[in-house]
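Throughout, protein chains are lettered first and strands after them, A, B, ... in sequence-line order, and every chain is numbered starting at 1.
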Amino acid sequence: MKAVALIDANNFYVSCERAFNPRLRGEPTVVLSNNDGCVVSRSNEAKQIGIRMAVPIFQVRSLIERHGVHVLSSNYELYGDLSSRMMNVLEEFSPEVERYSIDEAFVSLEAEDSAGLEKLGREIKARVYRYTGIPVSVGIGATKTLAKVAGFHAKTLPQLESVFDLTPASLQVPALRRTPIEEVWGVGYRWATKLKANGIRTAFDLREARDEWIRANMNVAGLRMAHELRGIRCHTLASIPQPRRAINSTRSFGKMVDSLDDLKAAVGTFVTRAAEKLRRERMLAGVITVFVLTDRYKLDDEQYSGSLTLQLAPMTNITTDIQTVALKALEAIYRKDLRYKKAGVMLGDLVPDYGLPQPLWETGKTEKMRELMAKVDRLNRRYGRETVQCGTFISDGKWQMQMNSRSPRYTTRWDELLKVTC
DNA sequence: TCTGGGGTCCTAGGACCC
DNA sequence: TCTGGGGTCCTAGGACCC
């Protein structure tokens with residue numbers, strides 16, 4: 001029989017930190033978002049003392065001090081590297097692996113029977129842990145949504161020891177009855193509130209709801225959820241990634257920014273990031289949106305959100321070309337006498353870059369710029385990001401992120417390797 | 001100046017995911 | 001004092017065309 005397995009790392013960012021710093025094991029630990037703003041990963045011990053997901057760190061300061069919680073800035077370079085190691089292990093088990101997020105993957109599995117599926121699940125869990133040090137949970141079901149339900153129970157019921165196979169029909173009704181509606185994949189806060197008001201409190205209730213009712217009160221996404229809970233596959237396994245539609249680079253600032261020069265430096269840097277990613281994925285962008293925002297939490301300040309989308313013609317992935325257009329957009333939306341908290345750029349209308357000359361408008365200059373970009377990328381890969389920068393601004397200033405306690409990038413920087421002393 | 005419907009395309013905003 | 005970032009999908013509504 002064939003089934004879908006969801007492999008989900010437990011408290012992924014915290015687990016990455018623990019893999020290199022065993023002293024954190026058993027200790028309450030949290031990892032923060034960019035700018036050290038919110039809690040985005042919590043160890044079980046941190047969950048138990050009542051630190052909620054996504055809570056701003058300043059709201060739980062006293063809790064953290066009272067319990068001696070370890071607090072770390074996020075280290076995406078480390079997490080990204082451990083993520084790809086985890087995905088490589090999964091590919092040893094199946095030709096169909098969908099990398100769903102940094103810490104989750106859907107995998108197609110095949111076995112004689114349910115017992116065989118569960119055995120595979122346990123092997124996956126053991127091998128990922130042995131090769132990466134990351135503990136995972138495995139949920140198995142006939143559809144992605146059922147695999148997610150199974151994963152929820154694998155994580156929350158200790159007696160399952162992190163692996164749950166939900167393919168046997170006899171298990172489905174009791175498992176779905178014990179799945180709160182807000183735990184169903186695709187049901188967020190808003191839908192959960194509305195569904196509960198209509199008496200739908202569990203995954204089982206949604207599975208049993210009439211299609212006409214769902215169609216009238218939800219949308220096609222709701223219909224798909226219900227069908228998937230009944231075992232009808234609506235979401236296929238995307239083991240070949242779909243072409244990307246957009247690339248964004250946006251940040252909140254470390255401190256409020258008011259000058260156009262500082263905003264230019266920030267936007268110039270965001271374009272650099274986005275264009276690097278564009279070239280890495282061999283694509284060209286056709287439009288760019290630039291936006292700036294004031295601080296929505298400062299209720300006494302005048303609020304403003306400005307954004308402008310401009311065409312990139314011809315389509316390009318050359319940093320300096322995109323910067324020119326981005327700065328034009330920024331100047332158009334910039335308003336003096338305001339204090340800004342956040343800005344960003346979004347590249348859209350992406351198409352593959354086949355690297356062919358485009359005779360209609362390609363000039364010798366463009367060809368030279370492409371070669372230059374390739375060289376800059378090589379240098380920055382070899383000697384570290386921002387060894388060579390494009391643009392005329394100083395990419396340094398108060399807009400830069402706060403990051404006070406990042407661990408070393410153990411696996412991606414030679415000078416930050418783990419040192420062993422005897 | 002009034003009268004109609006159907007189709008497409010685009011955009012903004014909402015909801016959700018991790 | 002201090003409140004993340006990068007994505008996708010869906011829908012409603014407006015503009016436009018015939």
The side chain of [X] is closest to which nucleotide in this list: [options]?
| X | options | result |
| --- | --- | --- |
| Trp191(A) | dG4(C), dG6(C), dC16(B) | dC16(B) |
| Ser252(A) | dG6(C), dC18(B), dG4(C) | dG4(C) |
| Lys342(A) | dG5(C), dG7(C), dG4(C) | dG5(C) |
| Arg190(A) | dC18(B), dC16(B), dG4(C) | dC16(B) |
| Tyr297(A) | dC17(B), dT3(C), dG5(C) | dT3(C) |

With a 4.0 Å limit, can you tell me whether [X] has a side-chain N or O closer than that to the phosphate oxygens OP1/OP2 of [N]?
| X | N | result |
| --- | --- | --- |
| Arg251(A) | dG6(C) | yes |
| Lys255(A) | dC2(C) | no |
| Lys341(A) | dT3(C) | yes |
| Thr250(A) | dG6(C) | yes |
| Lys298(A) | dC2(C) | yes |
| Lys277(A) | dG7(C) | yes |

request  = Evaluate the ring planes of Tyr79(A) and Tyr13(A), with Trp represented by its six-membered ring, and classify them as parallel (under 30°), tilted (30 to 60°) or perpendicular (over 60°).
outcome  =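 Because their plane-to-plane angle is under 30°, the rings of Tyr79(A) and Tyr13(A) count as parallel.
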
For [X], which contact category applies under a 4.0 Å heavy-atom criterion: base, sugar-phosphate, or nothing?
| X | value |
| --- | --- |
| Val55(A) | nothing |
| Lys148(A) | sugar-phosphate |
| Val184(A) | sugar-phosphate |
| Phe12(A) | nothing |
| Asp103(A) | sugar-phosphate |
| Ile102(A) | nothing |
| Ser74(A) | nothing |

Please tell me whether [X] and [Y] have a donor and an acceptor in their side chains that are separated by less than 3.5 angstrom.
| X | Y | value |
| --- | --- | --- |
| Ser43(A) | Glu45(A) | yes |
| Thr319(A) | Arg279(A) | yes |
| Thr167(A) | Asp165(A) | yes |
| Ser108(A) | Ser94(A) | yes |
| Ser259(A) | Asp261(A) | no |
| His70(A) | Asn21(A) | no |

query = What distance do Arg413(A) atom CZ and Asp81(A) atom CG have between them, rounded to the nearest 0.5 Å?
reply =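 These two atoms lie 11.5 Å from each other.
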
request  = List the atom of Arg406(A), the atom of Ser74(A), and the distance in Å for their closest heavy-atom pair.
outcome  =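 In terms of heavy atoms, the two residues are closest at CG-O, 3.5 Å.
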
Close approaches to DNA chain B from residues 211-245 of chain A, in residue order (heavy atom, under 4.0 Å) =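 When residues 211-245 of chain A is checked for heavy atoms under 4.0 Å from DNA chain B, there are no hits whatsoever.
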
Rounded to whole Å, please give me the gap between [atom1] in [X] and [atom2] in [N].
| X | N | atom1 | atom2 | answer |
| --- | --- | --- | --- | --- |
| Leu278(A) | dG7(C) | CG | C1' | 16 Å |
| Met346(A) | dT8(C) | CE | C1' | 13 Å |
| Tyr76(A) | dG6(C) | OH | C1' | 10 Å |
| Glu104(A) | dC16(B) | CD | C1' | 14 Å |
| Leu32(A) | dG4(C) | CG | P | 11 Å |
| Leu310(A) | dT11(B) | CG | P | 13 Å |
| Glu182(A) | dC17(B) | CD | P | 11 Å |
| Ile57(A) | dT3(C) | CD1 | C1' | 11 Å |

ask   = Does the aromatic ring of Phe58(A) sit over the six-membered base ring of dT3(C), closer than 5.5 Å centre to centre and tilted less than 30°?
value = no

message = For the residue pair Arg85(A) and Tyr131(A), would you count it as a cation-pi contact if the rule is NZ or CZ under 6.0 angstrom from the ring centre and within 45 degrees of the ring axis?
response =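 Verdict for Tyr131(A): no cation-pi partner in Arg85(A).
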
request  = Report yes or no: is the cationic atom of Lys341(A) (NZ for Lys, CZ for Arg) under 6.0 Å from the centre of the six-membered ring of Phe253(A), at an angle within 45° of the ring normal?
outcome  =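 Verdict for Phe253(A): no cation-pi partner in Lys341(A).
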
remark   = A correct dot-bracket answer for DNA chain C, with pairs being Watson-Crick or G-U at under 3.5 Å, [ ] for crossing pairs and | for inter-strand pairs, is ....||||||||||||||

ask   = Between dT3(B) and dC18(C), how far is it from one P atom to the other, in whole Å?
value = 22 Å

request  = Using atom types as modelled and distance alone, determine if a side-chain donor or acceptor of Gln303(A) lies under 3.5 Å from a backbone N or O of Lys298(A).
outcome  = yes

